[in-house]
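For reference, the structure discussed in these notes is given below.
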Amino acid sequence: MENQQEEWKEEQERVTQVTQILSGHIRQLSEELGLHRTDVVDMRKEFWEEVTVNFSSPDDLGETSTSLRQQAQILNERERHHLQSSKALKKYKKLVVSPYFGRIDFSEGPNGEAEQIYLGIGSLMEDDGQFLIYDWRAPISSLYYDGAPGPATYDTPGGIISGTMELKRQFVIDSGKIEVMFDTGVTIGDELLQQVLSHSADDKMKNIVATIQKEQNAIIRNDKSRMLVVQGAAGSGKTSAALQRVAYLLYKYRAVLQADQMLLFSPNPLFNSYVSTVLPELGEENMQQTTFQMYLEHRLSQEFQLEDVFSQTESLLNAPDGPEARVRRDGIQYKSSVAFLDAIRRYATMLEKEGIQFKPVVFMGRIVVTKEEMAAQFYSYDSAIRLANRVELMTGWLLKKLAAYSHEERGSEWVESQIELLDSSDYHRAYQMMRRKKRGTESSFDDFDTEKEVLARYVVSQRLKPLRGWIKRGRFVDVKALYSKLFSDRKLMESLNGSPLPAEWDEISQQTVSALAENHLYYEDATPFLYLKELSQGFRTNTLIRHVIVDEVQDYSPFQLEFLRRLFPRAKMTVLGDLNQAIYAQGEVLGELGNLVSIYGEENTEVISLTRSYRSTYEIVEFTRSMIPGGERITPFNRRGEEPLIQVVSTGGELLDAVERDILQLHAQGYHYVAVICKTAEESARVHAALEDKLPARLVTKDTPNFQKGTLVLPAYLAKGVEFDAVIIYDGSDQQYNRESERKLFYTACTRAMHLLHIYCLGRPSRFMPTSKTESLTVGSV
């Protein structure tokens, strides 16, 4: 005991020493930054005073150019130094509060002297080059996450280093004071995890560098696989590990990889806000973040009214069981499948020989080029030329046709009428256009005929400008008609499919064609439509993005994932998900991990499974894992709490009163983030309207930008990926959650709870709950 106190005292003295050094760096950098900021501002003000400007001769022009370049370089260097100092100051301000969280003593080789290595969120060196703190991402730091005292190895760019780990120690330090310190033989001791996991929820996800587990570290430091697939149980830390992985990759490849070359596809805008602080906490800039829906909107919203995945889900959840709902669900399943993907590829190959459809080129109600002329030209090209390349040739041909038509139109009556309406600015632009056309010669409106010709050319050119843009964008290919033909011509589709079509094909086709006729694109049609558009007009690719992270991948279809692979051809991919939380209809098509592995091939893919759940208490995990097939493989972390509460009520009024009382009690007990999770957005809006007159509550919709502390009312499908202190399932009755397609939705809702789960049922409890918990319950019982 005395020895332990002495060690604590020594460690505290070191913390104090390091904190003082950090405080000194903060003071010094703060003063330097103030001076740098003043210098940069002054240099910007005086920039032109320091530059010699003279354009009178070629030599003077060269001198001016050199002077400008030198002054700009000086300014850029000052600004770069200012930026680096700012980043260092931010890092030191984080470290001074909690300099490090771990220590390992490691001796290299059989007779090496043990070196004390302290790990923090950033590195700190003494003036002599010795490390006071190692960055958690440094190669040697992997010992802390992967190893235990005894023989140990770690990987470096120069090869594998072997030795002995003699000590592993963990700290909790706050404001320069050690709060917790203990030695452990495992990666992260239960004592530290218990403390971290027992904390309240927050509106922002926190970094987990102090509590990374061995299996999470394997995700973070994997930089070899073209595609890394992480299948993780609810609350297993897969998203947190993925964000730490981004920070690790930015650290390791900082010479060649920037934050804006990494892209996260998240489940909704709310989630983007939730994870937005993790990378800045680690001293890195945020990567690009978007949703798949936002990309679809960017590409298709000018042509169609697009349905999103939330509206699709809401429609299915609210639809009564019957033929129409069955047809829609079967259509989603097929349109999300690899079979439909292959059919569209075959269709594109077929269109190289026959069946292409165009829109006529029309100007002021008159046809300039007919569909028939365009088709004849298209099939006059060499048959070996691919579809998209032929469309590119067509673009050039149509622009020439339009140029000839433009020349003919200059004498038209409408042109003379427009010339009379031109103002002085139009005259000026016409004159400038003429000068550009006749560069190097004297140009002027020296007679009436020249002036009329130039103005006519200007008027026609301006009026044809939108049509030229339309042609350049390949809009003359009638993709809507091509896509619609897949559903209006059954024989065509049967020949392309290669296997029997769904039993409800005629009804699926009717739904699809009717929606297209109204310029409405179902969510399940958006990616196939865009894929056909790309095949026929040329595939847009993004070669700047080097790494793509897809969260909640179980909600993507194989079709969508293949599209992302083609969209980012140079990128590695990390996909994270839980097949037990596949709550969207197209996600059911993904089915199993094998479909993910097939995207890049087995040799380029690594699969890591996380089966331990940390978010919820032992009792909540035990309760929820019984709801799903294979749930016995989920291992709960041993953090004890209360058993989930199930209460059955007989009327809607009783239900609302019970939920209201529960919310007030939970907040009185210190739970800051309480979620009332409903099945649908429609139900959420109704419940929120009833509650907001009695207590403060916020309605979360698909457009909500961020979380706030307090009571949140939201549909189950918007709760994915986030967590709350306490979760109240508004109506977990069998009436609400009975269809097999709703099992995973109910499971997802229940697994959002960290500390408490309360389920209210208007009637008999859902069949998805364990019967051992519900068989004795009756209406009005607890």
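By the 30° and 60° cut-offs, the orientation of the rings of Tyr737 relative to Phe746 is tilted.
Surrounding NZ of Lys359 are more than 12 heavy atoms belonging to other residues, nucleotides or ligands, all under 6.0 Å away. Around the CD atom of Glu494, the shell of radius 6.0 Å holds more than 12 heavy atoms that belong to other residues, nucleotides or ligands. By the 6.0 Å contact criterion, CD on Glu692 is enclosed, its count of non-hydrogen atoms from other residues, nucleotides or ligands being greater than 12. With a 6.0 Å radius and a threshold of 12 heavy atoms from other residues, nucleotides or ligands, Arg473 has its CZ atom above the threshold. Residue Gln288 qualifies as enclosed at atom CD: its count of foreign heavy atoms under 6.0 Å is above 12.
A centroid separation of 6.0 Å or more is found between the aromatic rings of Tyr295 and Phe265. Taking the six-membered ring for Trp, Tyr730 and Tyr760 have ring centres at least 6.0 Å apart. No close placement of the Phe310 and Tyr523 rings is indicated, their centers lying 6.0 Å or farther apart. When ring centroids are compared, Tyr334 and Phe340 come within the 6.0 Å threshold.
The nearest pair of heavy atoms linking Ser273 to Pro705 is CB-O, 3.0 Å.
Cation-pi geometry between Arg566 and Phe539 is met: the NZ or CZ atom falls under 6.0 Å from the ring centre, inside 45° of the normal. Under a cutoff of 6.0 Å and an axis angle of 45°, Lys335 and Phe487 form a cation-pi pair. By the 6.0 Å and 45° rule, Arg390 stacks over the aromatic ring of Phe378.
A salt bridge does not link Arg752 with Glu723: every distance from a Lys NZ or Arg NE/NH1/NH2 to an Asp or Glu carboxylate oxygen is 4.0 Å or more. A salt bridge is defined here as a Lys NZ or Arg NE, NH1 or NH2 lying under 4.0 Å from an Asp or Glu carboxylate O, and Glu742 with Lys679 meets this definition. Ion pairing between a basic and an acidic side chain is recognised when a charged N comes within 4.0 Å of a carboxylate O; Arg328 and Glu524 show such pairing. Electrostatic pairing of Glu303 and Lys533 counts as a salt bridge here, judged by a charged N lying under 4.0 Å from a carboxylate O. Lys702 has no carboxylate O lying under 4.0 Å from a charged side-chain N of Glu314, or vice versa, which leaves the two without a salt bridge.
Note: Asn519 CG to Gln305 CD = 9.0 Å, rounded to the nearest 0.5 Å. With rounding to the nearest 0.5 Å, the separation of SG in Cys750 from CD1 in Ile759 is 4.0 Å.
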| Between Arg565 and Glu562, is a salt bridge (Lys or Arg N to Asp or Glu O under 4.0 Å) present by the stated rule, with each step listed? | CA-CA 5 Å; Arg565 186 188 69 81; Glu562 171 62 19; 2.8 Å; yes
Residues Phe563, Leu561; criterion side chain to side chain contact (heavy atoms under 4.5 Å, CB included); working and verdict
CA-CA 5 Å; Phe563 184 85; Leu561 292 170; over 6 Å; no
Exercise for review: Could you go through the side chain to side chain contact (heavy atoms under 4.5 Å, CB included) check for Gln357 and Lys480 one step at a time?
Suggested key: CA-CA 9 Å; Gln357 297 196 45; Lys480 180 178 169 181; over 6 Å; no
Salt bridge (Lys or Arg N to Asp or Glu O under 4.0 Å) for Glu740 and Arg767? Distances and angles first, verdict last. CA-CA 10 Å; Glu740 190 57 34; Arg767 65 188 181 92; 3.1 Å; yes
